[in-house]
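Residue numbers start from 1 in every chain, and the chains themselves are labelled A, B, ... in the order their sequence lines are given, proteins ahead of strands.
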There are 2 protein chains.
Amino acid sequence: MDLERTTNRIVRQRNRSALLSKLFLEGPLTRQDLARYTGLSQPAVSNVVGDLIGAGLVVEAGAVESDGGRPSMMLRVAPRYALVAGVDVGETRIRVELFDLAMTMLASADYPLDAAGPAPAAVVRHILAGLDAVTEQAGVPRSDILGIGIGVSGVVVQGGEAIVHAQTLGWHGVPLERLIRAEVDLPVHIDNGAKTLGQAEMWFGAGRGSRHAVFALVGSGVGAAVVTNGVMYRGVSSSAGEWGHTTLVYDGRACRCGARGCLEAYVGAEGIIDRYREARRGHDVPGADEESQIGALIEAADRSETARRVLEETAGYLGAGVANLINLFNPERVVLGGWAGVALGAHLLPAIRAAAAGQALHQPYEQAAIELGQLGVDAVALGAATLPVARLLAAGGTRN
Amino acid sequence: MDLERTTNRIVRQRNRSALLSKLFLEGPLTRQDLARYTGLSQPAVSNVVGDLIGAGLVVEAGAVESDGGRPSMMLRVAPRYALVAGVDVGETRIRVELFDLAMTMLASADYPLDAAGPAPAAVVRHILAGLDAVTEQAGVPRSDILGIGIGVSGVVVQGGEAIVHAQTLGWHGVPLERLIRAEVDLPVHIDNGAKTLGQAEMWFGAGRGSRHAVFALVGSGVGAAVVTNGVMYRGVSSSAGEWGHTTLVYDGRACRCGARGCLEAYVGAEGIIDRYREARRGHDVPGADEESQIGALIEAADRSETARRVLEETAGYLGAGVANLINLFNPERVVLGGWAGVALGAHLLPAIRAAAAGQALHQPYEQAAIELGQLGVDAVALGAATLPVARLLAAGGTRN
DNA sequence: AAGGCTTAATTTACGCGGTTATTAAAGTGT
DNA sequence: ACACTTTAATAACCGCGTAAATTAAGCCTT
């Protein structure tokens with residue numbers, strides 16, 4: 001079924017890609033290291049590295065000390081070969097960040113969104129303003145930017161030009177990619193926010209080194225990103241990983257998606273707050289927004305039996321949801337992220353693990369480590385910024 | 001992250017594998033077809049095909065008629081280059097089948113199992129007897145057999161030698177591969193039965209041509225096989241796809257796995273029969289075994305309101321379970337197989353589709369066709385027999 | 001029936017790519 | 001200053017697919 005033709009040029013490109021990726025993800029490394037890790041011969045490595053240095057993608061970065069023998073040269077991806085922009089289009093704000101190829105953040109800009117679904121045009125305007133802002137802050141010309149990555153909290157369909165369906169933003173079939181391309185002459189990559197978060201954790205955070213991992217994002221909405229055999233799994237129309245709307249309680253609570261008993265209706269921020277309010281016999285939960293309300297709930301757990309019970313139930317639901325992921329995907333790791341996920345996980349991780357252990361099959365449960373994300377909330381923008389980088393690495397550094 | 005070194009020899013092997021696979025799955029084809037489909041140049045195709053013919057793997061099979069111009073030669077995988085054996089180790093019986101490389105069944109043998117978990121040694125004995133029986137029936141020497149594939153209803157962990165955990169057989173950590181290798185000097189491949197069924201449907205049945213598909217097996221137990229990007233997804237310890245033990249009804253019916261609310265407890269044959277009995281206020285369901293009991297239920301639906309309701313509820317649960325698969329995997333197709341799945345699906349497919357539509361997100365639901373399997377119950381053995389074939393194809397026809 | 005046309009398959013010359021073996025480079029230690 | 005060690009670059013070599021040219025094998029027209 002593998003209809004990829006393989007020819008000699010492709011060999012070179014694959015090896016360029018392999019070496020460049022290794023250097024990017026685990027650099028700096030010496031030519032010797034590269035030869036060892038990739039299995040290529042030393043001359044081949046030198047040859048390819050020569051190309052990459054010639055193209056300005058890789059630079060030598062000091063010799064490593066030796067005890068006898070010629071010291072080897074450290075190689076690393078040139079941080080300033082290009083810059084990348086990452087955008088997080090969340091439910092409440094847009095954040096634009098600018099990185100170099102060492103993924104050091106050079107500048108950032110924030111734009112709050114109106115509570116009720118913002119118009120696509122407004123989002124595009126904010127993104128453009130953000131690009132101007134971060135390039136100016138960093139004092140770089142826009143032409144230095146290799147590409148823009150955008151993470152959106154909604155379904156992003158990838159065929160050709162990315163189309164966004166985001167129920168929570170009130171978007172249905174928005175051609176975001178076209179809207180942005182019309183204004184900016186740069187490569188644009190758009191993906192689901194959970195997937196960009198997963199990508200970031202995979203490369204730089206809790207997912208490092210695993211081939212099979214699931215990244216669960218719990219915030220206002222609930223989503224997941226699934227890495228199978230080392231690559232982000234998208235499915236046929238890129239909407240794979242919609243964990244939040246899997247049925248956990250058949251015929252249960254109504255979900256904003258229109259169905260009943262979805263996981264999100266129980267462990268999404270709104271669902272948790274609703275359940276807490278019901279447990280308080282209808283008394284409103286203190287706090288101006290969802291984040292402070294969840295904070296209030298967690299804080300109240302020390303003294304309030306009701307709050308404690310609501311959190312305990314939340315851990316039960318989350319644990320069962322995680323168990324489903326473990327049974328279906330058999331991952332090495334399940335990483336809990338998103339603002340609510342991190343806030344809850346800090347206290348509830350043991351309870352979540354216990355609940356998952358009770359619902360998952362023994363064998364796959366034993367294989368799966370359930371952990372918290374390491375990159376915090378900005379992981380979505382960081383992950384978005386990796387999208388153009390991933391393209392560069394896959395292409396072996398050829399710009400096209 | 002791709003550490004596959006790529007070298008010149010590998011180019012040849014990959015192309016051998018690509019051509020051979022194409023021929024096997026879609027043959028007979030001409031050299032021209034191969035050149036078109038694979039993108040290789042005509043001389044390259046001729047060159048590789050020459051090798052394959054020389055090795056006896058491929059034969060020319062008649063010229064195609066032409067209207068002007070030299071007629072092209074049909075090529076096909078030589079059916080008798082090797083034979084393969086497929087074994088289905090189910091909960092109630094063991095079935096051994098012998099195929100040639102055209103996957104024509106040459107012989108088969110059946111061995112019923114005791115209801116209560118059979119000892120591994122007994123299973124091995126049946127398999128060996130089956131091998132002897134089918135080779136004798138077909139009148140071929142055992143040395144013609146390329147390898148043996150075995151599909152087991154349970155978790156099969158692949159690292160090194162396959163280990164089987166099959167709760168329903170009472171097996172825990174059975175080194176089935178070693179037990180068989182000790183008795184037979186042939187390559188042995190063991191995999192989960194749902195996965196071999198999926199493999200069969202993928203190559204020869206309802207899954208043909210799709211890159212992303214989920215095969216749901218509903219029988220005494222409930223399982224699934226997931227194909228992502230054209231390859232069977234296994235997860236870190238090969239137990240991915242344990243759909244039957246995902247939670248569908250939080251805190252619901254007790255399942256034989258020890259957890260509560262598992263899908264299998266509702267739509268596995270036993271679960272359905274139990275629910276029917278309860279709906280009949282404890283009156284036993286007529287029928288000697290599960291298969292006839294399910295048959296009785298389906299047949300009673302025409303006249304009994306109770307039976308009708310139980311089936312309707314079953315469709316609801318199954319639909320929700322399918323919706324979960326659709327939300328998480330975003331497949332092109334969901335294929336319902338297994339003896340109970342086929343029996344139920346024949347009547348309930350519309351109701352299942354409707355239930356899935358109600359629970360799944362709109363966008364992924366629209367992408368997913370929900371269909372019945374095309375290969376019937378013997379698909380497990382057929383799929384098992386494809387395991388050694390898959391190995392041969394991947395290796396490009398080199399025997400090792 | 002012969003020559004022309006068309007398509008399939010093979011042959012030839014070529015460039016690319018990685019490998020092994022060898023040589024040069026750049027250090028440490030005695 | 002010399003031996004030793006390790007890294008990097010160079011040279012000779014073989015395998016692979018490509019493009020272009022050639023041969024093979026049929027149909028069609030005259």
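- Which of C/dG18, C/dA9, D/dT18 sits closest to the side chain of B/Gln42 comes down to C/dA9.
- Within the 4.0 Å cut-off from OP1 or OP2 of C/dG18, at least one side-chain nitrogen or oxygen of A/Arg12 is found.
- Per the geometry, CG belonging to B/Leu29 stands 12 Å off P belonging to C/dA9, to the nearest Å.
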After noting the C-alpha distance and the side-chain angles of A/Asp33 and A/Lys22, does the key distance pass the salt bridge (charged side-chain N to carboxylate O under 4.0 Å, His left out) rule? CA-CA 10 Å; A/Asp33 295 333; A/Lys22 190 84 189 169; over 6 Å; no

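- Here the C1' atom of nucleotide D/dA8 and the CG atom of A/Leu52 are 16 Å apart, to the nearest Å.
- The nearest whole Å value for the distance from the CD atom in B/Glu60 to the C1' atom in C/dT10 is 13 Å.
- Of the listed nucleotides (D/dA8, D/dG17, C/dT20), D/dG17 has the atom at the smallest distance from the side chain of B/Val11.
- When heavy atoms are screened at a 4.0 angstrom cut-off, B/Ser46 is found touching base atoms of the nucleic acid.
- Checking the phosphate oxygens (OP1, OP2) of C/dG18, a side-chain nitrogen or oxygen of A/Asn15 falls inside 4.0 Å.
- Side-chain nitrogen and oxygen atoms of A/Asn47 include none within less than 4.0 Å of the OP1 or OP2 phosphate oxygen of D/dA9.
- The side chain of A/Gln32 contributes an N or O atom lying less than 4.0 Å from OP1 or OP2 of D/dA8.
- One finds a side-chain N or O of B/Arg31 lying less than 4.0 angstrom from the OP1 or OP2 phosphate oxygen of C/dA9.
- Here B/Asn192 contributes atom CG and B/Leu197 contributes atom CG; the two are 9.5 Å apart, rounded to the nearest 0.5 Å.
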Derivation of the side-chain hydrogen bond (donor to acceptor under 3.5 Å, both in side chains) call for A/Gln42 and A/Gln32: CA-CA 7 Å; A/Gln42 291 185 11; A/Gln32 303 298 315; 2.7 Å; yes

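- A donor and an acceptor atom, one from each side chain of A/Ser237 and B/Asn330, are located under 3.5 Å apart.
- Between the CZ atom of B/Arg16 and the P atom of D/dG17 there is a distance of 11 Å, given to the nearest Å.
- Straight-line distance from the CE atom of B/Met73 to the P atom of D/dA24: 15 Å, rounded to whole Å.
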Under the criterion salt bridge (charged side-chain N to carboxylate O under 4.0 Å, His left out), I'd like the reasoning laid out for B/Glu60 against B/Arg31: C-alpha separation, chi angles, the key distance, then a yes or no. CA-CA 10 Å; B/Glu60 298 192 324; B/Arg31 290 175 175 81; 3.0 Å; yes

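- One atom, CG of B/Asp33, and another, P of C/dT7, lie 15 Å apart when rounded to the nearest Å.
- In this entry the distance linking CD of A/Gln13 with P of C/dG18 reads 12 Å, nearest Å.
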